[in-house]
Each structure stands twice: as C-alpha cells, then as structure tokens.
Amino acid sequence: MDTKNTTEEWSWLSKLFHWLTALLIFIQIPLGFYAESLRLSPLKIDVFVWHKSLGMLVFLLVIVRLLWRIKSTIPIALANSRLQKILASAAHGILYGLMLALPLSGWVTSSASNFPVKLFWLIPLPSIVGPDDALKSIAAEVHEICVFVLIAILIVHIGAALRHQLMLGDNALKRMWF
Amino acid sequence: MRSSKKIFTPVVILALLGLAGLLISSQKIYADQWQSQSANSHLYFAPSWEGLPINGAFKQFAVTLSRDENDQPQSLSVSVQISSADMGTADFNEAIQMTEWFNGSTFAEAVFNSNTITSVESDDPRAQFIAQGILQLKGVERNIQVPFSWSEPADGNALMAGALSLGRNDFAIGTGEWAGGDQIGLAVKVWFDLVLESAND
Ligand code: HEM
Ligand code: HEM
C-alpha cells in the first residue's frame, strides 16, 4: 500500500482524501440549508455546531491534501483533447478553491456573528473577526455564492466522471476508486 | 394673655431651630451624591455557550451612589434600559429582546436599589464593599449582593468597579426550551467599570 501516486494511478491516500472530502461535502450542503432554515432554537445551535465542525474538518483536510499534492506525482489526465484537459484541471482548481473559500467565508460569517463555536463541542474555534453586521452579511453572501458555484461544478464533475467511465470507457471512475 | 405670649415666643424659636437643624442634617445626608458619567461608564454582561462567553453590554444605564458624613457609601441605585442591550450584531440584539429572553418591550427597565452597604475585608480589590438590595429584572424581584470597589483619583471623579454572577433562571430569562441551561449556561457574568462625578447641589 503505497501512499505515493504514480503517473497511472492514484494512491490510496489520494483516494481517501478525495472520497472523505466528497462525503463531508455531500453532508455539508443539505446540513447548511437545514441549519439556515431552522428558527432560532437549541436545535439550530446544535445543527450549526455540526455544520461548522464538519466544515472546518474539510478545511483542514484540504490544506493537508494540497500540501501533499504539491509534492506528489499526479496521474496523467485521461483527456482526449487539449481543451478537455484544460477544462478538467480548471474544474479541479475551482473545486479546490471552493473547498478553501467555503470554510473561510463560513468562519468569517460565524465570527462576525459573535456566537462562540466549539468544534465537535471540544475545540474552541478562535474568532478571526470581531462582531460586525456588515461583514457578516457580505461573508454570508460569499458563502452562499460559493455553495451555488460548488453545486454547478459538481454536477459537471460527476457528469464528466460518469461520461469517462461509461461512454469513453477509460475507467476514470475506477481509477479514483479503491 | 401675656403668659400665653411668653410661651408662644420660645416655642416659635424652638420650632424654627428644629426646622433649621432638620434642613442642615438632611442636607448632610444627601451631601455626597455621585452620578455615573454615561460616556465613560460601562456595564457588561456575558452569558455563555458551552462555557465560552458571549459578550454583551448595556449602552444606557445610570448609577447613583451616595455617601454618609464619614465618606462611607450609603446607598446605591442603578437603572438599566433593557432595550440598550448590545451583543454585537443586529440578529443577536433582536433575539435577546424576544419574550423568552429579556422581553424588553414589556419590561423596559431593570432597577437595583440598596440602602445596605457594608465595607468588607477581601483579597479581591473589586470587592471593598458589598451592596445588598433588590434587583428588579423582567418583572422579578430578587435580593442580590453587588460587590464593588471605590476610588478617587486626583481628577475629582470617582471610579467604581465590580463583578457578580446572576442566575438567569431566577429572572425567567431564557424560558421554555432554553431554560435547561445545558447550551446557554444559567450563570451570567455581570461586571462594570464606572466613572462617577460629584452630583452635589
Ligand atoms: C464534493 C464532492 C467532490 C469534490 C469536492 C471533488 C473534487 C475533486 C478534485 C479536486 C479532483 C482532482 C484531484 C486532483 O487532481 O488532485 C477530483 C478528481 C476526481 N473526482 Fe471528484 N470530487 C467530488 C466528488 C466526486 C464524485 C461524486 C465523483 C464520481 C462520481 C468524482 C469523481 C472523480 C474522479 C473520477 C476523479 C479523478 C480524475 C482523474 O483521475 O484525473 N468526484 N475530484
Ligand atoms: C465544506 C464546507 C462548507 C459547505 C459546503 C457549506 C455549505 C453551506 C450551505 C449550503 C449553507 C446554506 C446556504 C447559505 O446560506 O449559504 C451554509 C450556510 C452557513 N454556513 Fe456553511 N458550509 C461549509 C463550511 C462552513 C464553515 C466551516 C462554517 C463556519 C465555521 C460555515 C458556516 C455557515 C454559516 C454561519 C451559514 C449561515 C449563513 C447565513 O447566515 O446566511 N460553513 N453553508
């Protein structure tokens, strides 16, 4: 079980990063909408603690993943054309960017709202900004825009994965699976 | 006739003297009044979530303290505008005025009055005195103790500071689903840093 990628294959570590993050994000999106829809109540606070905890976990995972990626070999893209290759890496780049921007904008929103956070009810999340109404609504807006861009890109991303696997027959999905 | 007049004069004089004495002594009681300067005085409060403080402050309040002829604090009165509670954001400030919390539209003011102030031996520099009295908050009256310090720097003003803890359930603040206190703690820290000016005459 090598942790290192080759030019042909993703290592189990890269796969773990990919699918763990994917799982967390698939939980995060409905959880975020659910949290926001609740009226102010103890339940809302609890749901938000989960949302913020899992979101910061994504943040941490992505930072480690990117640091690891810088030093890694990346499997050669399964693209048929230069354009496809550019589009794929642009989409992946945006996905990485969103996985940073979402937690960051969420963190700013949370800090500016002046409500303290203990991740998983254990680790106090420091405030990165003070209480600030204007900043809070801007950050919440950024968070929301990121959510919609994320959903759009994910549809393309998943569509592309399925297309590669089922129509182009290059086993792209299998390459990312364990 | 003459004898009654003879008695009348000293009675009048005595009465006048008595009145003068009363006036002087009453002036003595109220001679040393101090009033908080709103711009330089702060009254903070902090409930908590999971033990982490959520800081807030009342922006409008007034504190009056009077001292006796030996310069000992004698009475203390505090009034607080509940609608001035500020927890940093509009969402928060709206939430805390709801009926479950402060219900500020019905209970606009909190009042504390004490005529029993004792000086105490304490290691805490913020507890030179303890004012015992009644806090009226959200329509509930409770006996509480307010420890405080008093000092007079050379500028002629006085500094008063102190800290205490109140149980929010005692005043029905945070009712219903919030009353448990497992999320938003029951103990609320209250502390103040005041600058008072002499308010005599
Ligand atoms: C929240 C969900 C997801 C995110 C954020 C995400 C993100 C990414 C990123 C950033 C990469 C590029 C990896 C790199 O070059 O370092 C990648 C690759 C990949 N993803 Fe996802 N992904 C998600 C969900 C999915 C799903 C649901 C599928 C499959 C249906 C999938 C299939 C793939 C495949 C096959 C690759 C490998 C492409 C290759 O081998 O060149 N992803 N994903
Ligand atoms: C992978 C990361 C994350 C995803 C996918 C995500 C997704 C979402 C979604 C879908 C919503 C509801 C729609 C909206 O108003 O934006 C939301 C709201 C929210 N999220 Fe996140 N989130 C993430 C991370 C975080 C983090 C780390 C925090 C805080 C530390 C956070 C704090 C918030 C807050 C405070 C809201 C409510 C915004 C408002 O008041 O309008 N999120 N999130």
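Note: hydrogens, waters and symmetry copies are ignored here, and every other heavy atom, side chains too, is used. Letters go in sequence order (proteins before strands), and every chain restarts at 1.
For A:Asp132, the part sitting under 4.5 Å from any heavy atom of chain B is the backbone (N, CA, C, O) and nothing else. Both the backbone and the side chain of A:Lys118 come within contact range of chain B, judged by heavy atoms closer than 4.5 Å. For a residue to count as touching a neighbouring chain, one of its non-hydrogen atoms must lie under 4.5 Å from one of that chain's; by this rule B:Asn55 touches chain A with the backbone only. B:Gln183 touches chain A through its side chain: at least one heavy atom from C-beta onward sits under 4.5 Å away, while N, CA, C and O do not. Only the side chain of A:Val49 comes within less than 4.5 Å of a heavy atom in chain B; its backbone stays farther off.
Minimum heavy-atom separation, B:Trp49 to A:Ile45: NE1-CG2, 3.4 Å.
In terms of modelled atom types and a separation under 3.5 Å, the side chain of A:Asn114 and the main chain of B:Met87 share a donor-acceptor contact. When atom types are taken as modelled, the side chain of A:Asp133 and the backbone of B:Ala90 share a donor-acceptor pair closer than 3.5 angstrom.
Other residues, nucleotides and ligands contribute at most 12 non-hydrogen atoms within 6.0 Å of the CH2 atom of A:Trp50. In the displayed structure, A:Glu9 atom CD is contacted under 6.0 Å by at most 12 heavy atoms of other residues, nucleotides or ligands. Taking a 6.0 Å sphere around OH of A:Tyr34, one finds it holds 12 or fewer heavy atoms contributed by other residues, nucleotides or ligands. Atom CD of B:Glu94 has 12 or fewer neighbouring heavy atoms from other residues, nucleotides or ligands inside a 6.0 Å radius.
Salt-bridge check for B:Glu177 with A:Arg39: passed, with a basic side-chain N closer than 4.0 Å to an acidic carboxylate O.
Taken to the nearest 0.5 Å, the CG atom of B:Asp182 stands 8.5 Å off from the CG atom of A:Asp46.
Between chain B and the residues A:Pro116, A:Pro124, A:Pro131, the most heavy-atom pairs under 4.5 angstrom are made by A:Pro116.
With contacts defined as side-chain heavy-atom distances shorter than 4.5 Å, the pair A:Lys136/B:Asp91 qualifies.
Aromatic ring pairs are classed by plane angle as parallel below 30°, tilted from 30° to 60° and perpendicular above 60°; the pair A:Phe115 and B:Phe92 is parallel.
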